[in-house]
Amino acid sequence: MFVQVIQGQVTDAEQAHAAFDRWMEELAPEATGWLGTTAGVTEDGLLIALARFDSADAARRNSESAAQDKWWHEFSSVLSGEATFHDTDDVELDLHGEPDSAGFVQVMQGRVTNPERARALMAQNPEEWAAFRPDSVASMSAMYDDGGFTTAMYFTSEVAAREGERKELPENLKPMMDELNSLDAEPTTFFDLKQPWFYSPS
């Protein structure tokens, strides 16, 4: 899987949402290799979109199409500055349920000193984590060459996610979490998508 993470400040969240809806209606049918998109705008106007493709070639073909170029030019009028793009095929999925059913998505971004170890730790004890946080239906982590990452956590609702945050970690999960935290090269930044948008091929 290949993921492109797009971020930028928008002047109007509703216009941005309408533009994504228009992309889904007009461009998605011709977007070969596109697997789906999770997007939304934070309360302070930051758009975050995670577009999934089956390969980097499919993503490139989509971005090079005339229709996509026209759509992006029109969408850019909603941006208050330049958008940033992060592309990677180093992607990990963890599914406990249907991501597109989530009522709340939290995006985390940071950088780790040892990506391989971080990846191994995140793959440990999946059944225990699922039992501890039943409010989490899925997660997707995109890793970059410099150790940076973007992780999207999909929750049933914001209320359930906040309740889950307050729960005390079971003893068997604490060593893993402590080691994972020790790998942070910089503080992790959290972005809340309280009204996430989900798009998938029909």
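- One distance of note links CZ of F155 with CD of Q106; it measures 5.5 Å at 0.5 Å rounding.
- Counting only distance, with no hydrogens or angles, the side chain of D184 and the backbone of P187 share no donor-acceptor pair below 3.5 Å.
- Residues L93 and V5 are members of one and the same hydrophobic cluster, defined by side-chain heavy-atom contacts under 4.5 angstrom among Ile, Leu, Val, Met, Phe, Trp and Tyr.
- Shortest non-hydrogen contact noted between P99 and V137 is CA-CG2, 4.4 Å.
- Aromatic rings from F85 and W72 are positioned such that their centres are separated by under 6.0 Å.
- E30 CD: 12 or fewer foreign heavy atoms inside a 6.0 Å radius.
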Review point. What do the steps show when you test Y199 against D21 for side chain to side chain donor-acceptor pair (under 3.5 Å), and what is the final call?
Key: CA-CA 8 Å; Y199 302 96; D21 286 348; 2.7 Å; yes

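- Side-chain contact between P175 and D178 is absent, with no heavy-atom pair separated by less than 4.5 Å.
- Neither M24 nor L193 shares a network with the other; the hydrophobic side chains, linked directly or stepwise wherever heavy atoms of I, L, V, M, F, W or Y lie under 4.5 Å apart, form separate groups for each.
- At least one donor-acceptor pair under 3.5 Å links the side chain of S77 to the backbone N or O of E74.
- Annotation: E43, atom CD; neighbour count of heavy atoms from other residues, nucleotides and ligands within 6.0 Å does not exceed 12.
- Expressed to the nearest 0.5 Å, how far CG of N62 lies from CG of D57 amounts to 12.5 Å.
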**Study point:** Test ring pair (Phe, Tyr, Trp, His ring centres under 6.0 Å) applied to W23 and W34, step by step
**Key:** CA-CA 12 Å; W23 186 94; W34 172 67; 5.0 Å; yes

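- In terms of heavy-atom proximity, H96 sits nearest to S136 at CD2-O, 3.3 Å.
- Judged as a side-chain hydrogen bond (donor to acceptor under 3.5 Å, both in side chains), and not counting sequence neighbours, the contacts of D90 are R119.
- Between S55 and F2, the shortest heavy-atom distance links the atoms C-CB, 3.6 Å.
- Annotation: K70, atom NZ; neighbour count of heavy atoms from other residues, nucleotides and ligands within 6.0 Å does not exceed 12.
- Closest of all the heavy-atom pairs between A19 and F75 is CB-CD1, 3.6 Å.
- Scored by the side-chain contact (heavy atoms from CB on, under 4.5 Å) test, Q15 finds D12, V78 as partners (sequence neighbours excluded).
- With hydrogens and angles disregarded, no donor-acceptor distance shorter than 3.5 Å links the side chain of Q109 to the backbone of T150.
- Using cut-offs of 30° and 60° for the angle between ring planes, the H86 and Y144 rings count as parallel.
- To the nearest 0.5 Å, atoms CZ (F20) and OG1 (T37) are separated by 7.0 Å.
- T88 contributes a side-chain N or O that, together with a main-chain N or O of M143, makes up a donor-acceptor pair within less than 3.5 Å.
- Surrounding CD of E179 are more than 12 heavy atoms belonging to other residues, nucleotides or ligands, all under 6.0 Å away.
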Review point. When you look at L180 and M122, which way does the side chain to side chain contact (heavy atoms under 4.5 Å, CB included) test go after all the steps?
Key: CA-CA 8 Å; L180 190 61; M122 289 189 293; 4.2 Å; yes

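- Side-chain contact between M177 and L169 is present, with heavy atoms from C-beta onward closer than 4.5 Å.
- Nearest heavy atom pair, residue D54 against residue A58, reads OD1-CB, 3.4 Å.
- Within 6.0 Å of atom CD in E165, more than 12 heavy atoms from other residues, nucleotides or ligands are found, so the atom counts as buried in its surroundings.
- When all heavy atoms of T151 and S141 are compared, the pair lying nearest together is OG1-OG, 2.9 Å.
- Criterion: ILVMFWY side-chain heavy atoms under 4.5 Å apart, direct or through other members. Under it, M140 and L95 are not part of a common hydrophobic cluster.
- Applying the 6.0 Å contact sphere to CG of D145 captures no more than 12 heavy atoms from other residues, nucleotides or ligands.
- Side-chain contact check for R117 versus L183: some heavy-atom pair is nearer than 4.5 Å.
- Between the side chains of D192 and T42, not a single donor N or O lies within less than 3.5 Å of an accepting N or O.
- Both W71 and L79 are part of a single hydrophobic cluster, where members link through side-chain heavy atoms under 4.5 Å apart.
- Hydrophobic clustering (ILVMFWY, side-chain heavy atoms < 4.5 Å, transitive): L46 and W197 are in distinct clusters.
- Taken from CE in M153 to OG in S139, the straight-line distance is 5.0 Å, to the nearest 0.5 Å.
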Exercise for review: Step by step, work out the side chain to side chain contact (heavy atoms under 4.5 Å, CB included) result for V105 and F191.
Suggested key: CA-CA 9 Å; V105 175; F191 304 98; over 6 Å; no

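- The residues E158 and R162 are annotated as salt-bridged, a charged nitrogen and a carboxylate oxygen being separated by less than 4.0 angstrom.
- Using modelled atom types and a 3.5 Å distance limit, the side chains of S101 and Y154 yield no donor-acceptor pair.
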Exercise for review: Could you check M1 against L35 for side chain to side chain contact (heavy atoms under 4.5 Å, CB included), going step by step and ending with a plain yes or no?
Suggested key: CA-CA 9 Å; M1 181 185 293; L35 302 176; 4.1 Å; yes

Exercise for review: Report the C-alpha distance between F149 and R111 in whole Å, list the side-chain angles of each, state the deciding distance to 0.1 Å, and finish with yes or no for side chain to side chain contact (heavy atoms under 4.5 Å, CB included).
Suggested key: CA-CA 6 Å; F149 67 86; R111 190 165 59 86; 5.5 Å; no

Exercise for review: Could you walk me through whether K174 and E171 pass the salt bridge (charged side-chain N to carboxylate O under 4.0 Å, His left out) test, one step at a time?
Suggested key: CA-CA 5 Å; K174 286 182 179 179; E171 289 298 324; 3.0 Å; yes

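- Interatomic distance, L121 CG to M176 CE, rounded to the nearest 0.5 Å: 5.5 Å.
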Side-chain donor-acceptor pairs under 3.5 Å in residues 123-132, sequence neighbours left out?
none

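- How far CD of Q7 is from OG1 of T84: 4.5 Å, rounded to the nearest 0.5 Å.
- Side-chain atoms of I48 and I6, non-hydrogen and from C-beta on, never get closer than 4.5 Å to each other.
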